[in-house]
> 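I have a structure I would like to understand better, so I am pasting it below and will then ask my questions one at a time.
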Amino acid sequence: MAEAKDHTNYAQPTADGHFGDYGGRFVAETLTHALDDLARLYGEVKDDPDFKRELHTDLAHFVGRPTPLYFAQRLTDALGGAAVYLKREDLNHTGAHKVCNTIGQALLAKRMGKPRVIAETGAGQHGVATATVAARLGLKCDVYMGAEDVQRQSLNVYRMKLMGANVIPVTSGSKTLKDAMNEAMRDWVTNVDDTHYIIGTVAGPHPYPMIVRDFAATIGQEARAQMLEQVGRLPDAVVACVGGGSNAMGIFYPFIDDVDVALVGVEAGGHGIASGAHAAPLNDGKVGVLHGNRSYLMSDTDGQIKETHSISAGLDYPGVGPEHAHLKDIGRATYASATDDEAMEAFRLLNNLEGILPALETSHALAWVSANAPAMAKNEIILVNLSGRGDKDILTVADIDGISLT
Amino acid sequence: MSEADTRIHQCLDACRQNNRTALVSFITAGDPGPSYTVAALHSLVAGGVDILELGIPFSDPEAEGPSIQAANERALAHGITLAQVLQMVEEFRTQDTQTPVVLMGYLNSVLAMEDFAERAAGAGVDGLIMVNLPPEEGDHLQQKLSANNIDLIYLLAPTTTDERARQIAAKASGFIYYVSLKGITGASHLQTDEVASRLQQLRQYTGLPFCVGFGIKDATTAQSLAPHADGVVVGSALVNTMAEGGEVSEVGARLQQQIATIRQGIDAADHA
């Protein structure tokens with residue numbers, strides 16, 4: 001049985017932002033100063049009682065934390081193996097864990113005296129979470145979104161506009177998330193004096209992977225304490241979906257020194273790893289440099305970034321956070337994948353058995369549970385990060401079912 | 001080979017002795033098609049270019065403005081690879097053994113070619129500018145390039161602090177690429193006075209030549225910077241000319257005319 005251990009061994013990244021061989025800061029020179037400033041400010045405020053109080057107050061009263069830890073009895077019974085617990089991040093204000101990071105970063109922007117924030121978004125969840133906190137704090141907000149995604153996610157585009165954000169469609173490259181990130185970098189390099197770039201995942205140049213992880217780690221801190229309080233012990237496995245990897249880092253991080261707890265990330269297998277049409281760089285990618293850091297990437301033999309495929313827009317990204325690359329290499333976490341079809345099946349299962357509508361991203365983690373819980377013992381425990389709710393995916397799912405809602 | 005023998009050093013040294021501001025051109029390899037590039041390089045030299053920068057097409061050119069982004073996409077639509085870019089340099093070298101050629105691009109392209117430094121040297125490449133490789137991360141690549149007599153050219157920006165500029169200058173070779181403004185390539189808010197005073201400060205950290213790029217698009221902007229810089233870089237304006245397309249010879253003629261006009265602007269400043 002897993003026991004609680006002291007959190008003393010793992011200390012990443014290094015002062016210059018490396019997680020083992022990964023991470024670092026690969027950006028145009030113009031941005032170096034802003035990144036240094038951000039790293040310095042974050043170093044100063046992260047343990048500052050006033051900052052922590054401000055963050056905690058917003059997380060409690062604006063976001064609605066802590067989120068519940070929920071025992072999925074009927075899912076557990078149906079699978080017939082390990083007990084399944086869900087960390088209910090779908091119950092956050094705005095419907096996903098993303099807001100924990102945007103609240104934290106918006107407070108940093110305020111401290112830096114920057115009146116404008118920008119963000120990139122794929123499915124629109126990070127864009128909505130950024131627009132939300134920008135409205136809450138009175139910051140000007142521009143969100144870059146691939147022109148393809150603007151079409152596919154019209155609901156979230158409208159939500160952002162309702163909150164006063166300006167959504168800028170990106171028509172370069174593949175017109176998706178990676179291109180939105182390129183365009184946000186171009187904006188930031190031009191407007192670096194008055195603008196803070198709120199990156200939405202544990203990628204980007206140092207210090208972003210560390211900052212986003214730390215803000216997301218509230219998920220794992222709560223879940224770990226809740227496991228001990230509600231069950232009296234730690235889980236045997238912690239499972240989360242991985243696109244850029246922020247929800248996974250958020251729940252993994254407080255468990256890293258609990259070496260008896262298995263950490264399992266689930267990437268988007270798309271049409272299957274063998275098909276090549278997926279978004280699983282940790283399963284089928286190579287090491288390279290994109291968007292400011294060194295990590296695993298989906299790229300071709302000439303170093304060009306490949307277009308990815310996933311049913312879930314939030315996982316449809318060719319890179320992955322550098323800390324995941326490090327955890328993979330040192331063997332502390334393992335990374336599986338789930339196909340579009342497996343995720344859809346798990347999506348339906350949770351709706352039917354638990355009355356919970358998970359995001360399609362989250363459904364990839366649930367697919368791993370469906371596949372692996374039955375073979376585990378009944379006294380074993382799986383903790384799943386239920387990273388977001390699936391309201392945003394209703395049109396996609398209805399479309400698959402051949403139902404027109406418009 | 002000692003530093004004095006490199007084409008970049010010889011070129012900039014000769015420019016300095018002749019009180020000539022070096023004219024540096026940028027085009028993207030394989031844009032608007034593979035057959036244009038070598039001819040365009042010769043046209044640029046004929047029009048008065050001293051150093052040629054050649055962009056390695058990349059799928060995610062983070063620091064580029066719309067013109068050069070589009071050039072990357074046009075080149076990639078033709079399936080241009082780094083190996084082909086090196087072949088273009090090799091072909092150029094059969095007729096021009098003097099003009100320095102500097103490749104410019106993003107780190108992932110170079111990482112994907114294990115023996116890049118050797119092959120680039122073999123093709124006749126003199127320098128490399130990696131937009132997203134700061135000196136802190138550059139030691140490994142710099143060693144490999146240096147062993148093959150290729151300069152890794154670092155960039156300084158308006159936001160670079162004095163302390164950092166000193167550190168970068170200590171590692172730099174060939175020349176320093178000074179980014180004239182906060183922004184992307186092809187931007188239009190160049191402030192000559194600010195650039196001039198910053199260059200004056202930065203010169204205390206290094207004797208290396210400074211070439212200034214971003215936002216220089218015609219004879220007027222080039223002329224205004226020439227008195228302050230060792231070289232000026234013109235990119236997006238030339239890329240826009242390439243984008244117009246047409247017969248290879250027509251594009252070359254237009255390019256030569258355009259660069260000659262810019263050269264005249266610089267010469268007017270140099271001899272003022």
Side-chain angles (χ1 to χ4, degrees), chain A residues 15-18 21 23-37 170-175 178-195 204-206 286-295 297-307 318-319, chain B residues 56-66 68-70 72-73 75-76 79-85 105-113 116 130-138 154-161 163-165 168 176-187 189 214:
Chain A
D16 56 358
H18 290 91
D21 291 338
R25 186 185 280 174
F26 296 86
V27 291
E29 174 61 23
T30 307
L31 291 178
T32 298
H33 185 60
L35 292 166
D36 279 341
D37 276 354
V170 176
T171 54
S172 57
S174 60
K175 305 178 180 62
K178 76 175 177 72
D179 308 285
M181 203 153 172
N182 291 337
E183 207 55 37
M185 297 279 259
R186 291 175 188 127
D187 180 313
W188 199 34
V189 83
T190 306
N191 301 297
V192 63
D193 290 335
D194 74 344
T195 298
H206 176 68
K286 53 183 120 186
V287 175
V289 169
L290 178 70
H291 294 149
N293 68 90
R294 182 196 301 274
S295 186
L297 287 177
M298 305 267 295
S299 63
D300 68 15
T301 51
D302 202 43
Q304 309 296 349
I305 307 307
K306 285 201 244 180
E307 291 192 18
Chain B
I56 306 165
F58 183 52
S59 55
D60 293 78
E62 292 158 13
E64 312 303 342
I68 298 179
Q69 283 175 48
N72 278 274
E73 288 182 23
L76 290 176
I80 301 294
T81 64
L82 179 52
Q84 284 173 276
V85 176
Y106 292 79
L107 185 58
N108 211 49
S109 302
V110 167
L111 291 178
M113 185 182 277
F116 169 77
M130 291 274 89
V131 177
N132 60 345
L133 180 67
E136 291 85 347
E137 307 280 359
Y154 283 121
L155 299 99
L156 293 181
T159 52
T160 307
T161 60
E163 186 191 338
R164 188 173 160 77
I168 296 176
I176 305 254
Y177 190 122
Y178 183 72
V179 177
S180 62
L181 47 80
K182 290 172 218 164
I184 50 182
T185 51
H189 50 281
F214 285 39

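Quick note: numbers below take in every heavy atom, side chains included, and nothing from hydrogens, waters or symmetry partners. Chain letters run A, B, ... following the sequence lines, proteins first and then strands; every chain starts at 1. None of the values given here were measured: they were computed from a predicted structure.
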> What part of B:Glu64 gets closer than 4.5 Å to chain A, counting heavy atoms only: side chain, backbone, both or neither?
backbone

> Taking B:Asn108 for its side chain and A:Val289 for its backbone only, find out whether a donor-acceptor pair lies under 3.5 Å.
yes

> Can you say whether B:Ile80 sits under 4.5 Å from chain A via the side chain, the backbone, both, or neither, judging by heavy atoms?
backbone

> Taking side chain as everything from C-beta outward and backbone as N, CA, C, O, which of these in A:Leu290 sits under 4.5 Å from a heavy atom of chain B? Side chain, backbone, both or neither.
both

> Looking only at atom types and distance, does a side-chain atom of B:Ser59 sit under 3.5 Å from a main-chain N or O of A:Ile305, one as donor and one as acceptor?
yes

> What part of A:His18 gets closer than 4.5 Å to chain B, counting heavy atoms only: side chain, backbone, both or neither?
side chain

> A:Asp187 versus chain B, heavy atoms under 4.5 Å apart: side chain, backbone, both or neither?
neither

> Between B:Thr81 and A:Gln304, is there a side-chain heavy-atom distance shorter than 4.5 Å?
no

> Would you say that B:Leu111 contacts A:Arg294 through its side chain, given a criterion of any heavy-atom pair below 4.5 Å between the two side chains?
yes

> Check each atom of B:Leu107 against the heavy atoms of chain A and say whether the ones under 4.5 Å are side chain, backbone, both or neither.
side chain

> Distance-only, no hydrogens or angles: does the A:Asn182 side chain make a donor-acceptor pair with backbone N or O of B:Pro61 under 3.5 Å?
no

> Check whether any side-chain heavy atom of A:Thr32 sits under 4.5 Å from a side-chain heavy atom of B:Thr159, and report yes or no.
no

> Please tell me if the side chains of A:His33 and B:Pro158 come closer than 4.5 Å, counting only heavy atoms from C-beta onward.
no

> Hey, does A:Glu29 have a side-chain heavy atom less than 4.5 Å from the side chain of B:Val179?
no

> Once you round to the nearest 0.5 Å, how far does CH2 of A:Trp188 lie from NZ of B:Lys182?
13.0 Å

